[in-house]
Number of protein chains: 2
Amino acid sequence: MSAQGAPPPHGVIRLTVRDVLGGMVGAVCASAVPVPHRRGRPRSAAADRAILDATRSALVEVGWSRLTMSQVASRAGVAKTTLYRRWAGKSELVVDAVAVLFDELELPDRGSLRADVEGVIVSFAALLERPEAKTSLMAVIAESTYDEALRARVREAIVERQKRLVLDGRRRAQRRGELPADAPDSAEPEAIVDLIFDVIAGAVVHRSLVSGGPVDAGWVRGFTTLLLEGLGRASAQP
Amino acid sequence: MSAQGAPPPHGVIRLTVRDVLGGMVGAVCASAVPVPHRRGRPRSAAADRAILDATRSALVEVGWSRLTMSQVASRAGVAKTTLYRRWAGKSELVVDAVAVLFDELELPDRGSLRADVEGVIVSFAALLERPEAKTSLMAVIAESTYDEALRARVREAIVERQKRLVLDGRRRAQRRGELPADAPDSAEPEAIVDLIFDVIAGAVVHRSLVSGGPVDAGWVRGFTTLLLEGLGRASAQP
DNA sequence: GGAGTTACGCTACGACGCGTAGCGGAATGC
DNA sequence: GCATTCCGCTACGCGTCGTAGCGTAACTCC
């Protein structure tokens with residue numbers, strides 16, 4: 001609503017996670033320089049960290065719906081106004097607070113496509129089990145269906161950065177000869193990566209947050225078989 | 001919070017969608033009799049319908065987060081207290097208001113497994129495009145991560161009732177010989193149905209609500225190929 | 001070192017949604 | 001008739017939101 005009401009103090013009102021963390025995680029950062037803000041008192045990086053930490057711990061304890069800005073402020077030891085100087089609302093704050101969790105995801109080479117797929121499924125499911133992520137991810141996505149800016153923020157901060165996992169795994173499988181190499185005329189390996197990402201992430205989220213069933217070894221094996229060999233063979237397995 | 005504060009007036013405070021609609025849609029209804037409430041003035045079925053209609057139309061216009069109980073009440077032409085006599089809060093109300101949308105899903109026999117799968121994907125995606133569903137489905141699921149009763153309500157009213165689509169399609173494919181019949185010793189065709197449901201629903205939801213890409217003919221064909229034939233062949237297709 | 005600029009903590013405030021209580025009246029079963 | 005239950009209405013206390021205004025702290029440029 002009141003995004004550009006007042007003249008922006010430091011050029012930009014909102015900072016991304018990468019600005020806060022000094023660009024230590026991001027590689028696609030637009031401006032490598034973390035905005036050295038020429039004049040005036042600089043924003044407290046300690047306050048930023050305290051706020052994001054407080055947000056995560058509050059999410060663990062009370063969940064998304066009972067999380068209030070006042071509560072986060074007092075936990076972080078800052079004034080409520082300081083929160084609103086950085087984030088427009090609860091949704092924006094939580095996106096940044098949760099985004100760093102997803103950067104912990106790694107995909108070590110396990111030797112085969114099947115092992116790699118099972119690995120990423122298990123890792124992602126474990127991440128979704130953490131209360132901070134579990135309670136807030138869906139809420140933020142829900143909010144973003146009516147807020148285009150928030151939607152873009154979610155995509156940039158969370159979705160886009162995880163596709164690297166699929167991209168890496170696919171390239172490794174191609175090198176091993178488990179998947180066909182990209183046809184030089186085929187214009188869209190990107191479409192396939194997007195598809196695989198939606199299928200894996202969507203299925204794991206749906207399983208653990210909607211259906212509510214456990215992502216245990218049996219489910220992981222079944223899902224991987226379905227992914228690798230399709231419905232016919234997956235139905236025949238024990 | 002205050003669920004059982006006062007003695008329940010009519011035996012049960014909450015009614016399910018099937019009670020309201022007189023059991024016209026559900027087949028797995030526990031008690032076929034819609035509680036003929038022995039004494040006193042009966043609850044207005046017209047008010048129930050007006051409230052649920054008002055909820056859906058309000059969801060279309062303002063979305064989940066800006067939806068208020070007072071707003072729904074005045075739209076429906078009922079008092080706010082009447083709302084709270086039937087539903088404990090916004091989440092419960094919206095679950096019931098949205099659940100009926102999912103009952104419209106049908107899966108006509110299109111002659112082949114591939115055509116059936118593509119059909120269910122397209123239908124489900126079209127449903128998610130409706131603003132009432134789009135904005136509220138994720139919000140309710142998010143809320144349910146910290147509310148076990150709500151979670152059960154979502155599962156019963158939405159999730160469980162859609163698995164029939166997968167079950168039907170699978171049986172038809174088995175009859176056609178496109179899928180192997182259930183091994184008599186294999187104890188769990190149910191696990192496979194659950195898996196397929198999570199994969200299809202999860203992928204479509206993730207595609208349209210998280211990634212934000214279109215569920216167009218190309219995506220549907222690619223996803224179907226992946227489902228039927230697995231990663232290897234899906235990667236080779238144009 | 002001083003001047004200008006920006007961020008911070010604090011307090012207070014209006015606006016709004018929530019969920020409940022209490023009333024008189026209306027619709028049913030006995 | 002009488003008891004029972006629902007309805008519409010008004011009013012209320014409570015908590016959260018997001019902002020304004022103030023004095024003060026930190027930093028840059030001259």
Side-chain angles (χ1 to χ4, degrees), chain A residues 1-15 19-20 34-51 54 58 62-94 143, chain B residues 1-15 20 35-51 54 58 62-94 143:
Chain A
M1 284 298 182
S2 61
Q4 275 81 359
H10 261 176
V12 274
I13 299 187
R14 298 288 153 256
L15 301 177
D19 296 328
V20 172
V35 188
H37 70 279
R38 309 284 173 199
R39 298 175 315 192
R41 177 175 174 176
R43 287 202 170 154
S44 163
D48 278 311
R49 248 173 288 118
I51 291 171
V62 306
W64 158 271
S65 60
R66 276 166 288 277
L67 181 77
T68 70
M69 298 294 269
S70 313
Q71 191 184 7
V72 172
S74 71
R75 270 172 188 264
V78 301
K80 196 172 56 165
T81 45
T82 301
L83 276 184
Y84 283 104
R85 288 191 187 101
R86 291 165 161 79
W87 290 277
K90 193 162 88 162
S91 306
E92 287 81 359
L93 170 61
V94 169
E143 212 71 20
Chain B
M1 286 294 185
S2 61
Q4 275 81 1
H10 261 178
V12 275
I13 299 186
R14 297 291 150 253
L15 300 178
V20 172
V35 187
H37 69 278
R38 311 284 173 198
R39 298 177 314 193
R41 176 176 174 175
R43 285 201 171 158
S44 163
D48 278 311
R49 248 174 288 119
I51 292 172
V62 305
W64 158 271
S65 61
R66 276 166 288 277
L67 181 78
T68 70
M69 297 293 269
S70 314
Q71 192 184 5
V72 172
S74 70
R75 271 172 187 263
V78 301
K80 197 171 58 163
T81 44
T82 301
L83 276 184
Y84 283 103
R85 287 191 189 102
R86 290 165 163 77
W87 291 276
K90 193 162 87 162
S91 306
E92 287 81 359
L93 169 61
V94 170
E143 212 72 21

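Lettering of chains follows the sequences in order, A, B, ..., and the numbering in each one begins at 1. This is a predicted model, so every value here is computed, not measured.
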Between C:dG17 atom P and B:Leu93 atom CG, what is the distance in whole Å?
16 Å

Considering all heavy atoms, the nearest B:Trp64-B:Lys90 contact
O-NZ, 2.9 Å

For the atom pair CZ (A:Arg86) and CD1 (A:Ile51), what is the distance rounded to the nearest 0.5 Å?
5.0 Å

Here the pair of heavy atoms bringing A:Ala58 nearest to A:Leu67 is CB-CD1, 3.3 Å

To the nearest Å, give me how far apart NZ (A:Lys90) and P (D:dG15) are.
17 Å

Whole angstroms only, please: what is the CH2-C1' distance between B:Trp87 and C:dC18?
18 Å

Rounded distance in Å - CE (B:Met69) to P (D:dG15):
20 Å

First locate atom OG1 of A:Thr68, then atom CZ of A:Arg75, and finally report the distance between them rounded to the nearest 0.5 Å.
9.5 Å

Would B:Arg43 and B:Asp48 pass as an ion pair if we require N to O under 4.0 Å?
no

Quick one: A:Tyr84 OH to C:dC10 P, roughly how many Å, whole number?
17 Å

Return the minimal non-hydrogen interatomic distance between B:Leu83 and B:Met69, and the atom names on each side.
CD1-O, 3.2 Å

Rounded to whole angstroms, how far apart are CD on A:Glu92 and C1' on D:dG18?
13 Å

When you compare the protein's N or O atoms with those of nucleotides 7-10 of chain D, which come within less than 3.5 Å of each other, and at what distance?
unit_1 : atom_1 : unit_2  : atom_2 : d
D:dC7  : OP1    : B:Ser44 : N      : 3.1
D:dC7  : OP1    : B:Arg86 : NH1    : 3.3
D:dC7  : OP1    : B:Arg86 : NH2    : 2.6
D:dC7  : OP2    : B:Arg86 : NH1    : 3.1
D:dG8  : OP2    : B:Ala79 : N      : 3.4
D:dG8  : OP2    : B:Thr82 : OG1    : 2.7
D:dG8  : O6     : B:Arg85 : NH2    : 3.3
D:dC9  : N4     : B:Thr81 : OG1    : 3.0

